[in-house]
Amino acid sequence: IAWTIDFWKNNPLVAIPGDSFNYSSIGYVLAGMLLEVAYGGVSFDTLIQREVAQVVGMNTLTPDNVWANIPHRSRGYELDDGLRQVTDDDVSWQAPAGGYTSTGLDLARFCGALNSEVLVSAEDQSGQLFAAHPPSRHYGFGFAFGESARGSRVTAYGAGQKARTGLRLYPEEDLCFVLLTNSHHADADHLLNVAETVWREGEPNRLCPHLRPSPDGRRGHAYWGLHR
């Protein structure tokens, strides 16, 4: 993915490194480039498939390349004087920053693996992945974290031209909620709140109409997944 550097190499700095916290997709792209170099030129997607997807069993995880023929890929929508379909955008340049697609079930598998030592050791989880990195006090390597009435909580949210996603992990409970939507206007945090509240009340079959369990082989709508 070194070719992507031309998209941003001349952009001005948002802040002096280490001075303030700003989320940066470009930062993750740069990290992906460094991984390719460290692994002797192996492509980033090959690394993801070998080190993550195959290990966890995420059979639907694939780059969301606009030119690729991906079975059951959903259309994106947004509210703009009514509901309208969004034209697919080329996100191949930002694969390390979340330019992938999968089912909700596979995202739940990924979340479950994060809370085991399948992908990351317990030491690296507490010392790196889910630890603050100054100057931020609540953000680690792609995850925000804090405390809740049920113990620690780890969250990650994603936003794209045609999607909003969310992941919420409770490590002490070994419990994770994930959400994938195919709408630009969706409130992922609110929808996760709804799904979590209904599940914790013991009535998962009474999810409101805009939430549906994630069936195998399908992408889109407001599918959600649960790992426990």
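All residue numbers refer to positions in the sequence shown, counting from 1.
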Could you check whether any side-chain N or O of Arg73 sits under 3.5 Å from a backbone N or O of Thr101, counting only pairs where one atom can act as donor and the other as acceptor? no
Can you tell me if Glu172 uses its side chain to pair, donor with acceptor, with the backbone of Arg150 under 3.5 Å? no
Close side-chain approach of Ile70 to Asp64, heavy-atom, < 4.5 Å: yes
Starting at CZ of Phe130, measure out to CG of Asp124 and round the result to the nearest 0.5 Å. 11.0 Å
Backbone of Thr60 reached by a side-chain donor or acceptor of Asp106 within 3.5 Å: yes
Gap separating the NZ atom of Lys162 from the CD atom of Gln85, nearest 0.5 angstrom: 9.5 Å
Distance only, no hydrogens: is a donor on one side chain within 3.5 Å (strictly under) of an acceptor on the other, for Tyr100 and Asp45? yes
Calculate, to the nearest 0.5 Å, the distance between atoms OG1 and CD belonging to Thr62 and Gln49 respectively. 6.5 Å
Side chains of residues 90-99: which donor-acceptor partners sit under 3.5 Å, not counting sequence neighbours?
residue, atom, partner, partner atom, Å
Asp90, OD1, Ser92, N, 3.0
Asp90, OD1, Ser92, OG, 2.7

Give me the atom names and distance for the closest heavy-atom approach of Cys176 to Leu167. SG-CG, 4.2 Å
Over all atoms of both residues, closest heavy-atom pair of Asp19 and Pro135: C-CG, 4.0 Å
Show your reasoning for whether side-chain contact (heavy atoms from CB on, under 4.5 Å) applies to Glu123 and Gln128. CA-CA 8 Å; Glu123 181 180 359; Gln128 296 291 332; over 6 Å; no
With distance as the sole test, does Ser116 use its side chain to make a donor-acceptor pair with the main-chain N or O of Ala113 at under 3.5 Å? yes
Qualifying residues under ring-ring contact (aromatic ring centres under 6.0 Å, His included), relative to Tyr157, sequence neighbours excluded: none
Say whether Asn193 and Arg168, considering side chains only, have a donor N or O and an acceptor N or O under 3.5 Å apart. yes
For the OH atom of Tyr77 and the CG atom of Leu83, what is their distance to the nearest 0.5 Å? 7.0 Å
According to ring-ring contact (aromatic ring centres under 6.0 Å, His included), does anything in residues 14-48 pair up with another residue at least two apart or in another chain? List the pairs. Phe21-Tyr139, Tyr23-Tyr28
Any side-chain to backbone donor/acceptor pair from Ser20 onto Ile16? Under 3.5 Å, distance only. no
How about Leu114 and Val154: do any of their side-chain heavy atoms sit closer than 4.5 Å? no
What is the distance from atom CG of Asn59 to atom CD of Gln54, rounded to the nearest 0.5 Å? 9.0 Å
Side-chain heavy atoms of Leu175 within contact of Trp199, under 4.5 Å: yes
Output the distance between atom CG (Asp187) and atom CG (Leu191), rounded to the nearest 0.5 Å. 6.5 Å
Ser43 side chain near Glu36 side chain, heavy-atom distance below 4.5 Å: yes
Compare all side-chain heavy atoms of Glu147 with those of Arg153 and state whether any distance is below 4.5 angstrom. no
Closest non-hydrogen atoms of Ala188 and Thr165, given as atom of the first, atom of the second and distance, are CB-O, 3.7 Å
Got a salt bridge between Glu173 and Arg200, using NZ or NE/NH1/NH2 to carboxylate O under 4.0 Å? yes
